[in-house]
Q: 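If you scroll down you'll find the structure; I have some questions about it.
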Amino acid sequence: MGGDQLPKAYEPAEIEAKWYNFWESQKLFRAEEDRTGKEYSIVIPPPNVTGSLHMGHALNNTLQDILIRYHRMNGYNTLWMPGTDHAGIATQNVVEKQLALEGKTREDLGREQFIERVWQWKEHSGGVIINQLKRLGCSCDWDRERFTMDQGLSRAVREVFVRLYEEGLIYKGDYIVNWCPRCHTALSDLEVEHEDSDGFLWHIRYPVEDSGESLVVATTRPETMLGDTAVAVNPEDQRYRHLIGKNAILPLVGRKLIIIGDPIVAMDFGTGALKVTPSHDMTDFELSRRHNLDRVTIMDTSGRINDNGIHFSGMDRYECRRAIVEELDQKGFLAGIEKYKVGLGRCYRCKDVVEPLISKQWFVKVEPLAKKALEAVETGKTRIVPESWTKTYYEWMRNIRDWCVSRQIWWGHRIPAWTCEDCGEVIVARETPSQCTTCNGSRLVQETDVLDTWFSSALWPFSTMGWPDSTRLLQTFYPTSCLVTGFDILFFWVARMMMMGLKFRDDVPFREVYIHALVRDEEGKKMSKSLGNVIDPLMVMDKYGTDAFRFTLAALAAQGRDIRLSESRIEGYRNFMNKLWNAARFALPYLENSQGKTSLDSQTAFSLEERWILSRLNRTIGEVHDAITSYRFNDAAQALYHFAWHEFCDWYIEQAKIPLNASGSPEAARAAAVLRHVLDSLMRMLHPFIPFITEEIATKIPSNGHTIIRGPYPVVNESLLDSEAEREMNVLMGLISSVRNIRAEMNLAPGKPLDVVVFPSSPEEGELVLGSCLMVRSLGKVGDLTVHPHDTDREPPRMAATAVVGDMRVFVPLEGVVDPDAEISRLEKELSKIEKEYDAVRRKLANDAFLSKAKPEAVQKQRDREAELAAKLSGLGEGLTKMRSLKSA
RNA sequence: GGGCGGGUAGCUCAGGGGGAGAGCACUGCCUUCACACGGCAGGGGUCGGAGGUUCAAAUCCUCUCCCGCCUACCA
């Protein structure tokens with residue numbers, strides 16, 4: 001034995017690298033598109049090419065890998081489709097920052113050169129995150145890696161755009177959109193982050209023409225008054241209704257503003273009068289459509305006041321605000337200022353304050369698409385887990401608004417639309433047209449806008465599989481089995497994939513969506529670079545190993561709750577890895593010749609301890625299976641942790657040392673066979689969670705072959721479930737624990753053997769203890785173990801510590817060893833605890849209402865408990881009485 | 001304004017109508033031939049607050065107070 005020279009502590013680094021290289025080089029992650037049978041597929045939420053692995057990725061991809069590895073081991077033809085997203089604005093910003101360091105702007109380079117530069121950057125450092133995913137152990141089918149801007153996906157994007165356009169589901173028009181003055185592009189509603197910030201509500205007096213009256217309006221953005229074209233009041237408002245139809249005069253500018261009545265105006269907010277600035281406010285834009293109002297744009301795309309801004313023109317928006325307020329004040333138009341929490345919209349990429357601005361944009365008409373996406377979830381074609389998110393999904397789908405898909409940036413899918421400079425015809429086509437379809441002119445100019453990044457992401461489940469071609473891959477793996485994602489992109493991505501999948505594949509993109517929590521810091525804040533509260537997953541993997549990290553994430557991934565990651569938790573699971581490692585270090589030397597000698601099917605041959613561990617093993621297999629298939633990763637992790645550490649290591653291995661050391665005996669061979677089976681099953685069960693250490697250990701088990709990555713995954717063997725063995729082991733473990741407790745509480749030396757006398761409550765129990773006396777003596781450090789026959793007169797030892805296990809009495813004779821006071825206080829402590837419980841149970845059983853109304857099982861349970869507690873009380877009570885009398889004697 | 005989730009041991013979190021759980025931290029003993037990243041034995045909680053339903057409530061209902069998130073055209 002001991003041929004293996006395993007290090008005492010598990011050292012992950014080398015083992016992780018070794019196995020990942022092996023798996024990848026042997027193509028063990030490969031999906032077989034031509035194999036029919038049961039399939040399981042997941043498309044990865046493509047990380048941004050700009051990205052480096054953060055906690056969100058780590059969690060997301062660990063969970064996917066668990067599902068993928070689990071199904072692969074269970075014999076499924078498994079596809080995990082990997083890839084990255086071009087991340088339009090984000091990536092463009094990164095490269096622009098690099099240019100800024102060289103003192104250049106993208107305009108200096110020009111569009112073509114700039115895009116070339118982004119591609120260079122992408123080729124050069126865009127793969128970082130892929131390597132980090134490999135480091136995490138992700139078993140993606142890397143040969144199929146895709147990129148949202150590669151040729152195939154670009155083709156899919158154009159195909160979708162053209163078809164939607166042809167069906168009238170894409171249109172172009174002047175609308176007010178969220179505009180980022182820093183990124184110089186429109187943003188979708190979703191790309192705007194809202195926050196409350198300290199601000200003011202300014203009250204401004206607008207004189208009413210031909211009357212001595214004036215209207216006071218309230219606004220948080222006084223600078224926009226330069227673009228006012230109306231004043232609105234609620235038609236029900238008695239204060240103002242007589243003014244409707246008259247004109248107000250815009251201070252400083254002198255423009256006439258029609259006073260309109262519209263129910264949108266809240267009478268109880270501010271002054272009840274609303275200044276209307278159609279070009280710079282979403283609500284006001286709506287009002288202008290309803291009431292046919294003029295629109296005056298007073299700001300340019302950088303947030304500066306334009307030529308319509310009289311003498312304020314050229315000012316920055318905030319500079320203008322200060323100047324206007326000052327001038328209004330000077331000229332007596334300022335009626336008041338109050339402090340107010342203003343809702344600000346910020347660009348989700350650069351955090352600059354978004355400006356509502358009118359511009360020409362492309363929109364997707366989503367209502368018809370949303371309808372089907374809604375139905376698909378309602379009818380269960382796609383199931384959202386946890387279910388609570390379905391409500392959120394419905395809510396959004398029902399109130400969905402058209403999707404602004406054009407972006408005024410350079411990096412992305414350029415919109416496949418051309419305008420004829422001769423006749424003005426707009427041509428939308430899959431391929432670049434050479435001449436105008438209307439006038440045959442050849443002066444065609446392509447649209448400069450690109451598409452929202454999420455447009456291509458929306459096609460991801462089928463574009464990655466070769467669509468619009470009808471490929472084998474699509475036929476085999478679409479719809480995918482599951483999508484794993486965070487709720488932060490439920491609308492951005494999940495909802496849109498649903499719409500596009502149903503539209504273009506006539507089927508849902510995935511049968512299930514598992515929505516996991518967000519990883520937050522210890523204070524519950526979202527981890528982000530700008531907050532400086534990130535825990536770097538790469539650092540964690542370096543320090544604790546990938547397996548420990550993955551197991552932590554799985555253990556914390558309870559449904560419907562955010563994860564607050566703390567390093568101490570990871571450390572705890574690192575220790576678990578070490579525990580597994582050392583269990584293997586112990587076991588492996590015994591397994592050299594164990595295979596084949598004992599069949600695990602012949603239950604009768606096993607010892608009680610073996611029947612017990614095999615039963616517990618199979619129950620755990622069942623629990624883990626249930627947990628994984630219902631996305632309760634934390635339950636699976638906990639069941640495995642508990643079984644491995646507190647059943648297998650703490651009890652089974654400790655006990656197995658006895659037969660194993662009787663080398664050459666049949667008991668030794670059988671114990672080795674069981675040890676081998678349990679260790680092997682445990683590694684296989686754990687493999688989806690912690691692939692590296694389990695592969696290392698499992699492949700060291702003699703005759704196991706080269707890898708467990710393709711399974712099989714353990715399945716429950718019903719014939720090994722053994723409630724009787726579990727019950728009996730509980731008695732024995734209770735007995736051993738009670739001896740240990742006496743030893744510890746009475747400060748007896750840990751190494752000192754204690755004699756133990758047992759009064760069993762039945763002949764069977766006596767045989768049970770005798771049958772396992774080796775284990776009891778070894779694990780309890782027992783010297784002489786005396787089991788009194790059940791049916792004889794039994795006199796407890798004169799001076800002994802007492803314990804009760806079930807109905808069994810346990811005595812540890814302590815004549816001359818210890819002060820009775822120690823035993824008295826130990827018993828008193830124990831008794832007071834039990835008495836409290838006992839009283840509660842008796843009160844319950846004395847309650848007629850309980851007896852008559854409660855379920856019979858519940859009553860019986862309480863009766864059983866009462867009996868058990870009574871036995872304990874009387875046993876311990878007797879011991880106490882005796883000890884007291886001995887003391888006084 | 002609307003919606004969702006959460007407030008359980010010092011910390012991080014499970015549980016979700018009938019005996020309050022885990023990990024870490026803590027206390028005591030132990031360097032026993034797999035593991036001190038360990039073993040054994042312990043201590044610790046009126047389950048945010050108030051009502052209600054029930055024989056029985058941490059768990060269900062109502063109200064309430066905090067915390068977080070999503071969403072919204074009260075400027």
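Chain letters run A, B, ... following the sequence lines, proteins first and then strands; every chain starts at 1. Just so you know, these numbers come straight off a predicted model, no measurement behind them.
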Q: Which listed nucleotide (B/C37, B/G43, B/G19) is nearest to the side chain of A/K829?
A: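 Per side-chain heavy atoms of A/K829, the pick is B/G43.
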Q: Would you please test A/L732 and A/N730 for side chain to side chain contact (heavy atoms under 4.5 Å, CB included) and show each step?
A: CA-CA 5 Å; A/L732 295 172; A/N730 281 339; over 6 Å; no
Q: Give none if B/U62 has no partner; otherwise give the nucleotide forming a Watson-Crick or G-U wobble pair with it, both distances under 3.5 Å.
A: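 B/U62 is paired, partner B/A50.
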Q: Using a 4.0 Å heavy-atom cut-off, does A/W645 contact any base of the nucleic acid, only the sugar-phosphate backbone, or nothing at all?
A: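 Answer is sugar-phosphate: A/W645 comes under 4.0 Å of backbone atoms only.
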Q: Does B/A41 have its OP1 or OP2 closer than 4.0 Å to a side-chain nitrogen or oxygen of A/K781?
A: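 No, A/K781 has no side-chain N/O under 4.0 Å of OP1/OP2 on B/A41.
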Q: Which atom names give the shortest non-hydrogen contact between A/I515 and A/G486, and what distance separates them?
A: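 What the structure gives for the nearest pair is CG2-C, 4.2 Å.
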Q: It should be established whether A/R865 places a side-chain nitrogen or oxygen under 4.0 Å from OP1 or OP2 of nucleotide B/G18.
A: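 Answer no for this pair, as no side-chain N or O of A/R865 is under 4.0 Å from OP1 or OP2.
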Q: Just call it for A/S737: base, sugar-phosphate, or nothing, with non-hydrogen atoms closer than 4.0 Å on any strand.
A: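 Sugar-phosphate: the residue A/S737, judged by heavy atoms under 4.0 Å, touches backbone atoms but no base.
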Q: A/K833 near the nucleic acid: base, sugar-phosphate alone, or nothing, with a heavy-atom cut-off under 4.0 Å?
A: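 Here A/K833 touches the backbone only, sparing every base.
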Q: Base, sugar-phosphate or nothing for A/H203? Non-hydrogen atoms, less than 4.0 Å.
A: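 Result for A/H203 = nothing.
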Q: What nucleotide among B/C73, B/G5, B/A75 has an atom nearest to a side-chain atom of A/L274?
A: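 Closest of the options to the side chain of A/L274: B/A75.
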Q: Which nucleotide wins on minimum distance to the side chain of A/T220, given the candidates B/G42, B/A75, B/A34?
A: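 Within the option list, the nearest is B/A75.
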Q: Looking at the side chain of A/N578, which of B/G19, B/C73, B/C35 is the nearest nucleotide?
A: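 The answer is B/C35.
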Q: May I have the distance from A/Y544 (atom OH) to B/C24 (atom P), rounded to whole angstrom?
A: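 Distance check: A/Y544 OH to B/C24 P gives 14 Å.
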Q: Is it true that the side chains of A/S279 and A/R295 contain a donor and an acceptor less than 3.5 Å apart?
A: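 The answer is no; no qualifying pair exists.
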Q: Do the side chain of A/E571 and the base of B/A25 come within less than 3.5 angstrom through a donor-acceptor pair of N or O atoms?
A: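 No, the side chain and the base share no sub-3.5 Å donor-acceptor pair.
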Q: Is A/N575 near enough to B/C35 that one of its side-chain N or O atoms lies under 4.0 angstrom from OP1 or OP2?
A: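 No, A/N575 has no side-chain N/O under 4.0 Å of OP1/OP2 on B/C35.
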Q: Of the options B/C69, B/A75, B/A41, whose atoms approach the side-chain atoms of A/D281 most closely?
A: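 Minimum distance to the A/D281 side chain belongs to B/A75.
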Q: Within the 4.0 Å heavy-atom criterion, would you say A/K391 contacts the bases, only the backbone, or no part of the nucleic acid?
A: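 A/K391: backbone/sugar contact only, no base atoms under 4.0 Å.
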Q: Check every atom of B/C35, B/A41, B/G18 against the side chain of A/Q862 and return the nucleotide holding the closest atom.
A: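 The answer is B/G18.
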Q: Closer than 4.0 Å, any side-chain N/O of A/R569 to the OP1 or OP2 of B/U12?
A: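 Answer no for this pair, as no side-chain N or O of A/R569 is under 4.0 Å from OP1 or OP2.
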Q: Taking the minimum atom-to-atom distance to the side chain of A/R574, which one of B/U12, B/A14, B/C37 wins?
A: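 Closest nucleotide among those given: B/C37.
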Q: Under a 3.5 Å cut-off for both contacts, is B/C40 paired Watson-Crick or G-U wobble with anything, and if yes, with which nucleotide?
A: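 Because both required distances fall under 3.5 Å, B/C40 counts as paired with B/G28.
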Q: Think A/K657 has a side-chain N or O under 4.0 angstrom from the OP1 or OP2 of B/A34?
A: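 Result: yes.
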Q: Does A/E286 reach a base, just sugar-phosphate, or nothing at all? Heavy atoms under 4.0 Å.
A: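 Nothing: the residue A/E286, judged by heavy atoms under 4.0 Å, touches no strand.
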Q: Which nucleotide wins on minimum distance to the side chain of A/K579, given the candidates B/G38, B/A75, B/C40?
A: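 Per side-chain heavy atoms of A/K579, the pick is B/G38.
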Q: For A/R826, which contact category applies under a 4.0 Å heavy-atom criterion: base, sugar-phosphate, or nothing?
A: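 The residue A/R826 makes no contact with any strand.
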Q: Quick one: look up who B/G5 pairs with, Watson-Crick or G-U, both distances under 3.5 Å, and put none if it's unpaired.
A: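 Because both required distances fall under 3.5 Å, B/G5 counts as paired with B/C67.
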Q: Do A/R743 and A/L754 make a side-chain contact, defined as non-hydrogen atoms from C-beta onward lying under 4.5 Å apart?
A: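 Counting from C-beta outward, A/R743 and A/L754 do come under 4.5 Å.
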Q: If the cut-off is 4.0 Å, is A/H646 near the phosphate of B/G39, judged by side-chain N/O to OP1 or OP2?
A: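 False: A/H646 side-chain N/O out of range (4.0 Å or more) of B/G39 OP1/OP2.
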Q: Measure the acute angle between the ring planes of A/Y348 and A/F492, then classify it against the limits of 30° and 60° as parallel, tilted or perpendicular.
A: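 Ring orientation of A/Y348 relative to A/F492: parallel.
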Q: How would you label the contact of A/A744 with the nucleic acid (heavy atoms, under 4.0 Å): base, sugar-phosphate, or nothing?
A: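 The residue A/A744 makes sugar-phosphate contact but no base contact.
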Q: Out of B/C74, B/A41, B/C69, which nucleotide sits closest to the side chain of A/F269?
A: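 For the A/F269 side chain, the nearest candidate turns out to be B/C74.
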Q: What's touching nucleotides 53-58 of chain B from the protein side, N or O pairs under 3.5 Å?
A:
from, atom 1, to, atom 2, distance (Å)
B/C55, OP1, A/K853, NZ, 2.4
B/C55, O2', A/N847, ND2, 3.0

Q: By nearest atom, which of the nucleotides B/C69, B/A75, B/C35 is closest to the A/V265 side chain?
A: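 For A/V265, the side-chain atoms sit closest to B/A75.
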Q: Checking A/D196 against A/Y340: is there a side-chain donor and acceptor pair closer than 3.5 Å?
A: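 Absent: no donor and acceptor within the cut-off.
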Q: Just name whichever nucleotide pairs with B/G18, Watson-Crick or G-U, keeping both distances under 3.5 Å, else none.
A: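 Paired with B/G18, as far as the under-3.5 Å criterion goes, is B/C55.
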Q: Looking at every strand, decide which applies to A/D284 at a 4.0 Å heavy-atom threshold: base, sugar-phosphate, or nothing.
A: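 Since no nucleic acid heavy atom lies under 4.0 Å of A/D284, the category is nothing.
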Q: Could you label the plane-to-plane angle of the A/F586 and A/Y590 rings as parallel, tilted or perpendicular, counting under 30° as parallel and over 60° as perpendicular?
A: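 It falls in the tilted class, 30° to 60°.
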Q: With a distance cut-off below 6.0 Å to the six-membered ring centre and an angular limit of 45° from the axis, does A/R740 pair with A/W651 as a cation-pi contact?
A: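 The answer is yes, since A/R740 meets both limits relative to A/W651.
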Q: Classify A/Y10 by what it touches in the nucleic acid, base, sugar-phosphate, or nothing, heavy-atom distance under 4.0 Å.
A: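 Here A/Y10 touches no strand at all.
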Q: Name the orientation class of the two ring planes belonging to A/Y573 and A/Y641 (parallel below 30°, tilted from 30 to 60°, perpendicular beyond 60°).
A: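 Perpendicular.
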Q: Angle between ring planes, A/W389 versus A/F487, binned at 30° and 60°: parallel, tilted or perpendicular?
A: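 Rings of A/W389 and A/F487: parallel, under 30°.
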